[in-house]
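Worksheet for the structure shown next.
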Number of protein chains: 2
Amino acid sequence: MTVGENLLADGVCMPGAELTVPAEDLAPLAARVKVLGDPTRMRIVQILAANGSVCACDLEEPLGLSQPTVSHHLRQLTEAGLVVRDKRGTWAFFRVADAEVADLASAVRGLAARS
Amino acid sequence: MTVGENLLADGVCMPGAELTVPAEDLAPLAARVKVLGDPTRMRIVQILAANGSVCACDLEEPLGLSQPTVSHHLRQLTEAGLVVRDKRGTWAFFRVADAEVADLASAVRGLAARS
DNA sequence: AGTCAATATCGACAGATGTCGATGTGGTGA
DNA sequence: TCACCACATCGACATCTGTCGATATTGACT
C-alpha cells in the first residue's frame with residue numbers, strides 16, 4: 001500500500017514518501033539470525049535438537065570438522081543464546097535453547113507482518 | 001550393549017551413540033537465513049513490510065548506502081525469494097514475499113523441535 | 001536522433017569469516 | 001606426581017562479503 005500524500009498515479013515512484021522507519025534496532029536480531037545462517041551451525045542445532053544433550057566430542061565426526069572448528073561454532077551458538085553449554089567434568093554437553101530459537105523464529109515472522 | 005566405555009551412567013559422554021543424522025540438506029535453508037542475517041537486508045525487509053511496495057530509489061536515503069550497494073542487497077533478497085521485484089517502466093518496485101518469509105520462520109522453529 | 005533518469009553490472013578494495021595446526025587449560029585417574 | 005583426555009584459545013591462512021566509484025543498460029520523453 002502506498003504512503004504519503006504525494007502518491008501520484010498508479011505505479012509511480014514517490015520520493016518524498018517518508019518511509020516508515022521504526023528505527024527499532026534489529027542489529028541484535030540480525031546477529032542471531034546470522035549465526036544460524038551457517039550450514040554447519042544449523043546442522044549442529046539440528047543434531048542437538050534430535051539428540052537432546054550432546055557431548056562436543058561427538059560432533060566432530062558427523063560434521064567432518066576439526067575439534068577447534070567445532071568448538072568455534074559451538075561458541076558462536078552459545079554466545080548467541082541459541083544453544084546452552086553444560087560442562088560436566090571433562091566433557092561439555094550442549095543442548096538447544098528451545099525458547100530462544102522459537103523467539104527468533106517468531107521475530108523473523110514478525111518482520112514480514114504488515115505493521 | 002557391550003558396556004565398553006560408551007553409554008555409561010548419567011551425564012557421561014557416549015561416543016558410539018550414532019547421532020541421528022537426518023541428512024536432510026539444510027543448505028538451501030541456511031542460505032536463505034544467511035541472506036536475512038545481514039542488518040541492512042533485514043532493515044530492507046522491515047521497510048518493505050511497513051510500506052508495501054517501495055521503489056528502489058527510495059531506499060538509498062533511509063539506508064544511507066550507495067545505489068549499487070542497495071541494488072546488490074535487493075538482488076540477494078530477490079534471489080533468495082524473500083522479496084519480489086516488480087519493474088514498472090524505469091522504476092523497480094519491491095515488496096516482501098510474505099509466504100516465503102513465513103515459511104522460513106516456520107522452518108527455523110522446526111529446527112529446534114525435538115524429533 | 002538525443003538526452004535524461006533509474007537500475008544493473010563490473011572491478012577493486014578492506015574487513016569479516018571459516019578452517020586448520022599448534023598450544024594452552026583444566027579435570028581425571030593411575 | 002605424572003600422563004592422558006576433552007576442550008578452549010591462538011595464529012595464520014584462504015575465501016567470502018559488503019562497500020564503493022565507474023560504467024553499462026534500459027526506458028521515457030522530447
Side-chain angles (χ1 to χ4, degrees), chain A residues 8-17 27 30-45 48 53-80 83-95, chain B residues 4-6 8-9 11-17 27 30-45 48 53-80 83-95:
Chain A
L8 307 177
D10 198 33
V12 180
C13 187
M14 32 181 199
R32 279 181 309 184
V33 170
K34 188 176 190 178
V35 168
L36 248 193
D38 179 87
T40 297
R41 288 191 288 262
M42 187 171 282
R43 184 79 183 289
I44 290 178
V45 169
L48 296 188
S53 195
V54 177
C55 175
C57 62
D58 289 336
L59 288 173
E60 302 180 29
E61 186 204 329
L63 293 175
L65 292 173
S66 70
Q67 179 268 322
T69 301
V70 172
S71 183
H72 170 249
H73 286 305
L74 286 171
R75 178 185 175 85
Q76 307 270 348
L77 286 166
T78 301
E79 287 181 344
V83 151
V84 176
R85 165 184 279 113
D86 175 26
K87 196 151 193 178
R88 304 181 212 166
T90 307
W91 303 286
F93 286 77
F94 294 83
R95 66 178 193 278
Chain B
E5 283 105 6
N6 340 4
L8 298 178
V12 180
C13 187
M14 32 183 202
R32 279 182 309 184
V33 170
K34 188 176 189 177
V35 168
L36 248 193
D38 180 87
T40 297
R41 287 191 289 263
M42 187 171 281
R43 184 78 183 289
I44 291 177
V45 169
L48 295 189
S53 195
V54 177
C55 175
C57 63
D58 288 336
L59 288 173
E60 303 179 28
E61 186 205 328
L63 293 175
L65 293 173
S66 70
Q67 179 269 321
T69 300
V70 172
S71 183
H72 169 249
H73 287 305
L74 287 172
R75 178 185 174 86
Q76 307 269 348
L77 286 166
T78 301
E79 288 181 344
V83 150
V84 177
R85 165 184 279 112
D86 174 26
K87 196 151 193 179
R88 302 180 214 166
T90 308
W91 302 286
F93 285 76
F94 295 84
R95 66 177 193 279

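Computed from a predicted structure; not experimentally measured. Proteins come first, then strands; the chains are lettered A, B, ... in the order of their sequence lines, and each starts at number 1.
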Would you say that [X] contacts [Y] through its side chain, given a criterion of any heavy-atom pair below 4.5 Å between the two side chains?
X: Ile44(B); Y: Leu77(B); answer: yes
X: Leu65(B); Y: Glu60(B); answer: no
X: Val54(A); Y: Phe94(A); answer: no

About how many Å separate [atom2] of [Y] and [atom1] of [X], when rounded to the nearest 0.5 Å?
X: Leu36(B); Y: Lys34(A); atom1: CG; atom2: NZ; answer: 13.0 Å
X: Arg88(B); Y: Asp86(B); atom1: CZ; atom2: CG; answer: 4.5 Å
X: Leu74(A); Y: Leu59(A); atom1: CG; atom2: CG; answer: 6.0 Å

Discussion item. Which is more 5' along DNA chain C, the nucleotide nearest Thr90(A) or the one nearest Gln67(B)? Just name the residue.
Written reply: Gln67(B)

Practice prompt. Mind calculating the distance between CG (Leu74(B)) and C1' (dA8(C)) to the nearest angstrom?
Written response: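 Distance, rounded to whole Å: 11 Å.
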
Worksheet entry | Distance in angstrom units between Lys87(A) NZ and dG27(C) P, rounded |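 The answer, rounded to whole Å, is 8 Å.
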
Worksheet item: Under 4.0 Å between a side-chain N or O of Arg75(B) and OP1 or OP2 of dT9(C)?
Response: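 True: Arg75(B) side-chain N/O within range (under 4.0 Å) of dT9(C) OP1/OP2.
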
Protein-nucleotides 15-19 of chain C N/O pairs closer than 3.5 Å?
from, atom 1, to, atom 2, distance (Å)
dT17(C), OP1, Lys34(A), NZ, 2.9
dG18(C), OP1, Arg41(A), NH1, 3.3
dG18(C), OP1, Arg41(A), NH2, 2.8
dT19(C), OP2, His73(A), NE2, 2.3

Fill in: First-last contacting nucleotides on DNA chain D - partner chain A, under 4.0 angstrom, heavy atom
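Result: dA6(D) to dT9(D).
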
Item to complete: Establish, yes or no, whether the cationic atom of Arg85(A) lies under 6.0 Å from the six-membered ring centre of Phe93(A) and within 45° of the ring axis.
Response: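 No, Arg85(A) and Phe93(A) do not form such a contact.
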
Practice prompt. In sequence, state the C-alpha distance, the side-chain angles, and the governing distance for Val83(B) and Leu48(B), and then conclude on side chain to side chain contact (heavy atoms under 4.5 Å, CB included).
Written response: CA-CA 9 Å; Val83(B) 150; Leu48(B) 295 189; 3.7 Å; yes

